[in-house]
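Have a look at the structure below, then the notes.
Order of the sequence lines fixes the chain letters, A, B, ..., with proteins taken first and strands second; residue numbering starts at 1 for each chain. In what follows, every heavy atom counts, from backbone to side chain, and hydrogens, waters and symmetry copies are set aside.
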There are 2 protein chains.
Amino acid sequence: MVKMSKHLINPRTVGRLCIYRRVLNQLSSQGTKRLFSRDLASMAGVSPSQVRQDLMNVPTNGTPQNGYAVKELAEAVVTCLGTAQSSSVVLLGAGHLGQALLHYFQATQPRMAMSAVFEINPNMVGKHLHDVPVWDIATLDQYVRSAQVRIAILALPAEEAQPATDRLVAAGVTSILNFTPVRLNAPAHVFVENNDIQMSLERVAFYAAAHTKEKVQA
Amino acid sequence: MVKMSKHLINPRTVGRLCIYRRVLNQLSSQGTKRLFSRDLASMAGVSPSQVRQDLMNVPTNGTPQNGYAVKELAEAVVTCLGTAQSSSVVLLGAGHLGQALLHYFQATQPRMAMSAVFEINPNMVGKHLHDVPVWDIATLDQYVRSAQVRIAILALPAEEAQPATDRLVAAGVTSILNFTPVRLNAPAHVFVENNDIQMSLERVAFYAAAHTKEKVQA
DNA sequence: TAGATTGTTAATCGATTAACAATC
DNA sequence: TAGATTGTTAATCGATTAACAATC
């Protein structure tokens, strides 16, 4: 009621809250009852200050004497992040990367539902991949509209990324996970997360080379 | 000689330079001769100021009248980023994600060489995937040492990530691309790039849900 | 109580953006 | 020349870290 979603948490904090959730769920399943911010920090690879700062977005139950109750804190973080099972997800592109992402998604994200894959290759259309139907990308707009899809994952060729984005946005998608190396143009109300694997590789290579150079000089 | 690698460029700038390289190469192959910082900025999805700031790390050839010569700038960025073909790359884990990454790597990174894949599953050991041999992970340390591998890609189960990292670092790896959701502990001289696909998904889901909530209230 | 930790505010740090003299 | 852009420095912005009163 009181502008619950007005103070939209920034992407970095959301990312860390996801890490905390994973750590807390694991600890909870291992039977750990309580922890301090410094414990969560070391397991998440951040500073204790950062943990406490991030947890200001979450209704916490910490006390100076006992720290946080693991189970309750995990639940609070889950509530804060939202379950998002309300909306379904579509995947664009069923090439090697798309198929791997689909498998990964189905294996690790039981709380979200991948509802359809869209492909241009007619050999794949009509089949199923990991129990998800593959449909002709020509039917994308209609599907997104009728199923009220809000989340799309892009794993298609670079040159198709922007046209596909335009269609998705026009059809009502508000959140896009982009695995292509293209920087997408999208309206401000649409959230775009770039996961540029090619860039990741290039960056790692850069620092490996830089390190070698330094060693040679030392 | 004069501390060429002393001012190690920070990861964000390196990332953007990779984007500039891609854009410039594409423009060059399309026959574009010259551009201004504002053109490169709009194609890379950043501000013109940012472009010029980033290009301070690169020996540039820009002039107020004509902007930059595309081909020369592309070459300068390539030189700055380094080719890194000196070192070979190993992949740990040949599951769905690992295989997809291998395919992606072989298809898009001809300038780097993937030299071996390591797996624990005996059914895969001894085979080839995309012309790359799959070896028993027990032989990892010896291989990394003898081939002087400096770059490793992690695509194995979460619980194996930290032990594998320890072995890689001990054997001389200096740069790790981590596709597991685990935050790795590694010495400061080792560069670790986290590409957490699970987190990407969760973040996209968060903003989709947040957006829906806002709309409901508006 | 004494001591350590939380929740939160203040200070610092780093990165992006703006400004502007030099210049073609 | 006049005008626009570069290279670079200064200002702003945002995020992380430090500090500290409240507290159990």
Nearest-angstrom distance from the residue atom CG of Asn61(B) to P of dT23(C)
17 Å
From CG of Leu55(A) over to C1' of dT9(C), roughly how many Å is that when rounded to an integer?
17 Å
Under 3.5 Å, is there any donor-acceptor pair linking the side chain of Gln53(A) to the base of dT6(C)?
no
Contact class for Ser49(B) vs. all strands (heavy atom < 4.0 Å): base, sugar-phosphate, or nothing?
base
Under a 3.5 Å cut-off on both pairing distances, which runs of 3 or more consecutive Watson-Crick or G-U pairs involve DNA chain D?
C:3-24 with D:3-24
Can you find a heavy atom in the side chain of Thr60(B) that is under 4.5 Å from one in the side chain of Leu73(B)?
yes
Find the distance Arg38(A):CZ to dT5(C):C1' and express it as a whole number of Å.
9 Å
Tell me whether Arg203(A) is salt-bridged to Asp196(A), with the criterion being a basic N under 4.0 Å from an acidic carboxylate O.
no
Might you work through the side-chain hydrogen bond (donor to acceptor under 3.5 Å, both in side chains) test for Asn178(A) and Asn195(A), ending with a clear yes or no?
CA-CA 6 Å; Asn178(A) 175 30; Asn195(A) 187 318; over 6 Å; no
Of all the nucleotides listed (dA15(D), dG7(D), dT6(D)), which has the minimum atom distance to the side chain of Thr60(B)?
dG7(D)
Output the rounded distance in Å from CG (Leu35(A)) to C1' (dT6(C)).
13 Å
Rounded to the Å, how far apart are Arg34(B) CZ and dT6(D) P?
10 Å
Value in whole Å for how far the P atom of dA15(D) lies from CD1 of Ile9(A)
13 Å
Closest non-hydrogen atom pair between Ala164(A) and Leu92(A), with its separation
CB-CD2, 3.8 Å
Note: for Thr63(B) and Gly62(A) on DNA chain C, the residue whose nearest nucleotide lies more 5' is Gly62(A)
For Arg16(B), which contact category applies under a 4.0 Å heavy-atom criterion: base, sugar-phosphate, or nothing?
sugar-phosphate
Rounded to the nearest Å, what distance is computed from the CD atom of residue Gln50(A) to the C1' atom of nucleotide dA19(D)?
16 Å
Among dT6(D), dG7(C), dT17(D), which is the nearest nucleotide to the side chain of Ser47(A)?
dT17(D)
Roughly how many Å is it from CZ in Arg52(A) to C1' in dA18(D), rounded to a whole number?
10 Å
Could you tell me whether Thr13(A) contacts a base, only the sugar-phosphate backbone, or nothing, with contacts defined as non-hydrogen atoms closer than 4.0 Å?
nothing
At what distance, to the nearest 0.5 angstrom, does CD of Glu193(A) lie from CG of Leu154(A)?
13.0 Å
Under 6.0 Å between the ring centres of Phe118(B) and Tyr143(B)?
yes
Please determine if a side-chain N or O atom of Tyr68(B) lies less than 4.0 Å away from the OP1 or OP2 oxygen of dC24(C).
no
Within this structure, what is the CD1-CG distance for the pair Ile9(B) and Leu81(B), rounded to the nearest 0.5 Å?
7.0 Å
The side chain of Pro64(B) lies closest to which of these nucleotides: dC24(C), dG7(D), dC24(D)?
dC24(C)
